[in-house]
Structure formats: structure tokens, C-alpha cells
**Student:** 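Provided herewith is a single structure, encoded as C-alpha cells, for subsequent inquiry.
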2 protein chains.
Amino acid sequence: MKTETIRLKKYHQLIKQGDALKNLFILKSGSIKEVIINEDGSSFITKFYFKGDVLGLNSIDLEYHPTSFLTLEDTIVEKFNFQELLSNSVSFHYFFTKMSESVTEYTIRKRVFTQKSEGKISSLLLELFNKNPDSPDYFNMSMTREDIANHLGLSEFTVSRILSKLQKESIIEIKAKSRSIKLIDKKKLENRSL
Amino acid sequence: MKTETIRLKKYHQLIKQGDALKNLFILKSGSIKEVIINEDGSSFITKFYFKGDVLGLNSIDLEYHPTSFLTLEDTIVEKFNFQELLSNSVSFHYFFTKMSESVTEYTIRKRVFTQKSEGKISSLLLELFNKNPDSPDYFNMSMTREDIANHLGLSEFTVSRILSKLQKESIIEIKAKSRSIKLIDKKKLENRSL
DNA sequence: CGAACCCTTGATTGATGTCAACATACGTGG
DNA sequence: CCACGTATGTTGACATCAATCAAGGGTTCG
């Protein structure tokens, strides 16, 4: 099956909410936020995506994309034509498995949203560290505090406060320009995320 | 494809967390809660299921069930052998579509968890009314206040208080024994759920 | 009929949002 | 390359929301 590699600039919209389903994508490098715009005009970040993640799986039954996908930095994706994919058993099996993984992930991840702010942020940080295999104890954040707040249902002030608190307690270290975070004490962070 | 209809008593465990994947089920009548037990022994209700819902979709990539399923009342389900299902293209297509629906649903539903308590409960009530096609303005609740609280990340006291408040404001009416709810003003309830 | 369970309500405490002020970083045009 | 204006991030004071604790009423079931 032939695919296409696409290079995207920061803040580029790869998929627009409402577009017909034509392609699915695999994220090769960079990062992307998935956003849903509500009827009242407010928006909600449903998920952050990193290397290896599949984009667009929520469009298969609807045949259109219910969410938009926006790059948070310069990003590379690989494009798969959905019709071709259906007739290619190897690719099909891969995407089928990925979709099932998504269901499992949501089942488990939902619990994060019932936690208090410290738990929510600790869980997200652990997810970010784990999804960044190149440097497991260091994460270069492409999203803003406001993005994190929106995604977790907090105010940006609370996000800022909790991050400062975790730093004071020597669990993380916030580096230059507030945008990169070093993991100091994983055990403690895991305890906070319970 | 041959299937089997099973009748279950109240509080019966249909699927146990950790069981190998053998069957998927469709809920024909009654209601079921899906529960995940965490390492620390605490549990979290990931979802309530009603007529027409498919049980077990989060087990396909894992090949075991990551959650338990418990009936909330006398319940009837239909059993599908997963191996047979894979080789039956009609059934397969049906479950594939259902799984994609789940991904979409989770994408959208996550936003509920970023709302305040009144929004969370209003959203859940609307979901319950919509999922109960037989009597769209009336719902006989099989779950306890504590179940709702656990599922939404609230205390049972807050659930009780918000329900009382919605009743005082003539949006719902709580009937006999606190367990059935009549929808009075859908528009207002929708506004609360934004 | 009594015990266990479920639900409700009030008082208090703790957590989080809001608002205001300021600091830092970034981007653009001179 | 600098200067400025805009974005983003931090922190404190205060208000609001929701959890906790305590008490009591109703329902169910043996």
C-alpha cells in the first residue's frame, strides 16, 4: 500500500471538523492537539497526539471527522487512503487493533477526570513522559498551560500553581521558558496520580 | 451465526476483570455497570450500559477483559463467540462499526468530565433519557446515588443535592422511592449540561 | 420488627475558579 | 539588532463550589 509523507508547519490544521473521511494519518514526529468545537462556540481539547499515534479513528462510523487536528509545532505525518486501507488486510488489521486500543485507553483514562487537580496533572505528566521514548525523564512541552487547562477541565492558574508546587516538592523541574519539564521523582509523581 | 440468550439475576457478574476474551455480548434488556478495579483496591464505574449496547469491546486488542460487568437488575444478554464472529463478515462489520462508535462517543463524552457538578449530572440524565427509547421522558434508575457519584467523580451528597435542586427548579420530578425520574423541562436540562 | 442500606439535608472545611497585578518570552517592524 | 507590543506564565487575595462530617428519615428484606 502506497502512503504519503507530509511535512506540516506549526499551527497547521491537518483535519477540519466536519470534513469527509478520506484519509487516516500516523504521526511520525512532532505533536498535535485534537479539538472539538461545541455548538455554543466553546472548544475542548480531547487529546494530545505524539509519535506513533493514529489520527482520525473517530471518523470511521460517521464517515466524517467529528474533531479538528492542529499541529503544536513542526510535525511530520504519513497519509493512508481509507478506501485502499479497507482492501489491504495487513493495514486493516493494524488499524483495527489501534482502534480497539483507543477504546481500552478511554475506558481506563476516564478515571483521570474524576481526580483532583494535582492527580489530573500528575497523570498527564506521566503520560507525556511515557509517550516520549527518546528521553523518558525529560519532556519538551509543545502545548500551552491554557491547552493543558482546557484538556483537563481546570483553569490555567491552577495548572500553573500545581506545576510550581510539584517543582517546590522536587518532583519535577521546570526548565527554561517554562516549556520543558524534567522528571526528578517518578515514584512520587505516580503517587500523586492515584 | 448461532448465538445464545442468557438471563441474569440482579447483581450478577457477567464478565470478570482479567478473564480471557471468549465472548462479546449485546444487552437486550435491563442494565449493567462496567467497573474497573484499580491497583490500590478502589473501583471506578467506567460506563452504564442499556438495551442495544455491546459489552466487551475494550478486550479485543488485549485478548482479556480489562473491566468487570455487573447487572444492576434482572437482565437479558445475547452471547457471541468472538472467534466465530471474526469469520462471519456480517457480524464482524457490525461489531467493527460499534467499536468505531465507541471511539467517537468517548471523544465527545470526555468533555462532560470537565464540567461542574450540575453539568455532569444534567448530561448523565439526558443520556439516560435518550437511551431509554420506550419512555423518553421517564427513567427508572437502576443505579444508586453512590454509583452515579463514583461514575462522575462526585460525592453521593452532591448528587443528591443537585437532583433535589433540579427538582425544586421544576426541571425533573423525582418519583417514588427516589429511584425513578420524570423529565419535565428538557430544554432547561440541556442548558444546564452545556 | 429490627437491621442494613439508601437517600437527604445542614454545617463546616478544603479545593478550585476568578480577578488583579506583574513577570517573562516571543514576534514584528523599524 | 533593538524596541515595543502581544502572548504566555506566575502569584496572591478573595469568592464560589464541592467534599467531608454529622444527623436523621425512609425503604427493603429477612
Side-chain angles (χ1 to χ4, degrees), chain A residues 9-11 33 42 44-45 70 72-74 112-125 139-169 172-181 192-194, chain B residues 9-11 31 33 42 44-45 70 72-74 112-125 139-169 172-182 192-194:
Chain A
K9 288 279 176 199
K10 188 174 180 176
Y11 300 139
K33 65 175 173 182
S42 66
F44 170 57
I45 298 172
L70 300 159
L72 293 166
E73 61 192 311
D74 290 0
V112 169
F113 287 86
T114 69
Q115 295 178 303
K116 289 198 261 200
S117 57
E118 192 176 88
K120 285 182 180 178
I121 291 172
S122 299
S123 297
L124 179 65
L125 287 178
F139 186 77
N140 211 322
M141 305 223 296
S142 48
M143 70 289 289
T144 64
R145 300 286 188 269
E146 198 185 347
D147 281 343
I148 296 172
N150 177 302
H151 176 60
L152 295 176
L154 300 171
S155 71
E156 58 176 315
F157 308 101
T158 299
V159 173
S160 200
R161 266 188 266 269
I162 300 285
L163 288 175
S164 297
K165 181 169 175 258
L166 292 176
Q167 179 166 233
K168 260 182 212 137
E169 295 169 336
I172 59 172
E173 191 181 325
I174 300 168
K175 298 267 207 170
K177 305 162 207 168
S178 301
R179 281 302 185 88
S180 65
I181 293 184
R192 302 303 164 97
S193 76
L194 292 181
Chain B
K9 287 277 177 201
K10 189 174 179 177
Y11 300 140
S31 55
K33 65 175 172 182
S42 66
F44 170 57
I45 297 173
L70 300 157
L72 293 166
E73 60 192 313
D74 290 1
V112 170
F113 287 86
T114 68
Q115 294 177 302
K116 289 198 262 201
S117 58
E118 192 176 88
K120 286 181 179 178
I121 290 171
S122 300
S123 297
L124 180 64
L125 287 178
F139 186 77
N140 211 324
M141 304 223 297
S142 48
M143 70 289 289
T144 65
R145 301 285 189 266
E146 197 184 350
D147 281 342
I148 296 172
N150 177 302
H151 176 59
L152 294 176
L154 300 170
S155 72
E156 58 174 316
F157 309 101
T158 299
V159 173
S160 198
R161 265 188 264 269
I162 300 283
L163 288 175
S164 297
K165 183 170 175 256
L166 291 176
Q167 179 167 232
K168 258 181 215 139
E169 295 169 337
I172 59 171
E173 192 181 327
I174 300 168
K175 298 265 204 170
K177 304 161 207 170
S178 301
R179 279 300 185 90
S180 65
I181 292 184
K182 190 180 171 191
R192 303 302 165 99
S193 77
L194 290 181

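To find a chain, count down the sequence lines: A is the first, B the second, and so on, and within it residues start at 1. Basis for what follows: all heavy atoms, side chains included, without hydrogens, waters or symmetry-related copies.
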**Student:** Please determine whether a side-chain nitrogen or oxygen atom of A:Ser160 lies at a distance below 4.0 Å from atom OP1 or OP2 of D:dT10.
**Tutor:** yes
**Student:** Could you tell me whether a side-chain N or O of B:Asp74 sits under 3.5 Å from a main-chain N or O of B:Lys10, the two making a donor and an acceptor?
**Tutor:** yes
**Student:** Quiz question: going by heavy-atom distance under 3.5 Å, is there a donor-acceptor pair between the base of C:dG10 and the side chain of B:Arg161?
**Tutor:** yes
**Student:** Could you state the NZ-P distance from A:Lys175 to C:dT24, rounded to the nearest angstrom?
**Tutor:** 19 Å
**Student:** Does D:dA7 count as syn, meaning its glycosidic angle lies within 90° of 0, or as anti?
**Tutor:** syn
**Student:** Using whole Å, report how far NZ of A:Lys165 lies from P of C:dG14.
**Tutor:** 14 Å
**Student:** Rounded to the nearest 0.5 Å, what separates atom CD1 in B:Ile172 from atom CD1 in B:Ile162?
**Tutor:** 10.5 Å
**Student:** Within a reach of under 6.0 Å around CD of A:Glu146, are more than 12 heavy atoms found that belong to other residues, nucleotides or ligands?
**Tutor:** no
**Student:** Rounded to the nearest angstrom, tell me the gap between atom CD1 in A:Ile121 and atom P in C:dA15.
**Tutor:** 14 Å
**Student:** Have a look at the helix from C:dC1-D:dG30 to C:dA23-D:dT8 and give the angle its two end axes make, five pairs each, rounded to 10 degrees.
**Tutor:** 40°
**Student:** On the 0 to 90° scale, with breaks at 30° and 60°, tag the A:His151-A:Phe44 ring pair as parallel, tilted or perpendicular.
**Tutor:** parallel
**Student:** Could you check how far CD1 of B:Ile174 sits from P of C:dT9, rounded to whole Å?
**Tutor:** 8 Å
**Student:** Without decimals, in angstroms, what is the distance between B:Glu118 CD and C:dG17 P?
**Tutor:** 17 Å
**Student:** I need the CD1-C1' distance between A:Ile172 and D:dT10, as an integer number of Å.
**Tutor:** 14 Å
**Student:** Give the rounded distance in Å between these two atoms: CD of A:Gln115 and P of D:dA18.
**Tutor:** 18 Å
**Student:** Is the closest basic N to carboxylate O distance between A:Arg179 and A:Glu73 below 4.0 Å?
**Tutor:** no
**Student:** What is the distance from atom CG of A:Leu125 to atom CZ of A:Arg192, rounded to the nearest 0.5 Å?
**Tutor:** 12.0 Å
**Student:** Can you tell me if B:Ser31 and B:Ser142 form a side-chain donor-acceptor pair at under 3.5 Å?
**Tutor:** yes
**Student:** Scan residues 140-156 of chain B against DNA chain C and write down, sorted by residue number, each residue with any heavy atom closer than 4.0 Å; if none is found, say none.
**Tutor:** B:Thr144, B:Arg145
**Student:** Please check: side-chain N/O of B:Gln115 versus main-chain N/O of B:Ser193, any donor-acceptor pairing under 3.5 Å?
**Tutor:** yes
**Student:** Tell me if a side-chain donor or acceptor on B:Ser160 pairs with a main-chain N or O of B:Glu156 at a distance below 3.5 Å.
**Tutor:** no
**Student:** What does D:dC1 pair with, Watson-Crick or G-U, if both distances are under 3.5 Å?
**Tutor:** C:dG30
**Student:** Decide yes or no for A:Tyr11 and A:Leu70: does some side-chain heavy atom of the first lie under 4.5 Å from some side-chain heavy atom of the second?
**Tutor:** no
**Student:** Would you give a per-nucleotide map of nucleotides 25-30 of chain D, 5' to 3', where B means the base has a protein non-hydrogen atom under 4.0 Å away, S means only the sugar-phosphate does, and - means neither?
**Tutor:** --SS--
**Student:** Could you grab the distance from atom CG of B:Leu72 to atom NZ of B:Lys33, nearest 0.5 Å is fine?
**Tutor:** 6.0 Å
**Student:** Taking OP1 and OP2 of C:dC7, is either one under 4.0 Å from a side-chain nitrogen or oxygen of B:Arg179?
**Tutor:** yes
**Student:** Let me know, please, whether A:Tyr11 or A:Phe157 comes out on the 5' side of the other along DNA chain D by nearest nucleotide.
**Tutor:** A:Tyr11
**Student:** Rounded to the nearest angstrom, tell me the gap between atom CD1 in B:Ile162 and atom P in D:dT16.
**Tutor:** 16 Å
**Student:** If you find the nucleotide of DNA chain D closest to A:Thr158 and the one closest to A:Lys116, which residue's nucleotide is nearer the 5' end?
**Tutor:** A:Thr158
**Student:** Any side-chain N or O of A:Ser164 under 4.0 Å from OP1/OP2 of D:dT11?
**Tutor:** yes
**Student:** So, taking the atom named CZ in A:Arg145 and the one named CD1 in A:Ile121, what distance separates them when rounded to the nearest 0.5 Å?
**Tutor:** 9.5 Å
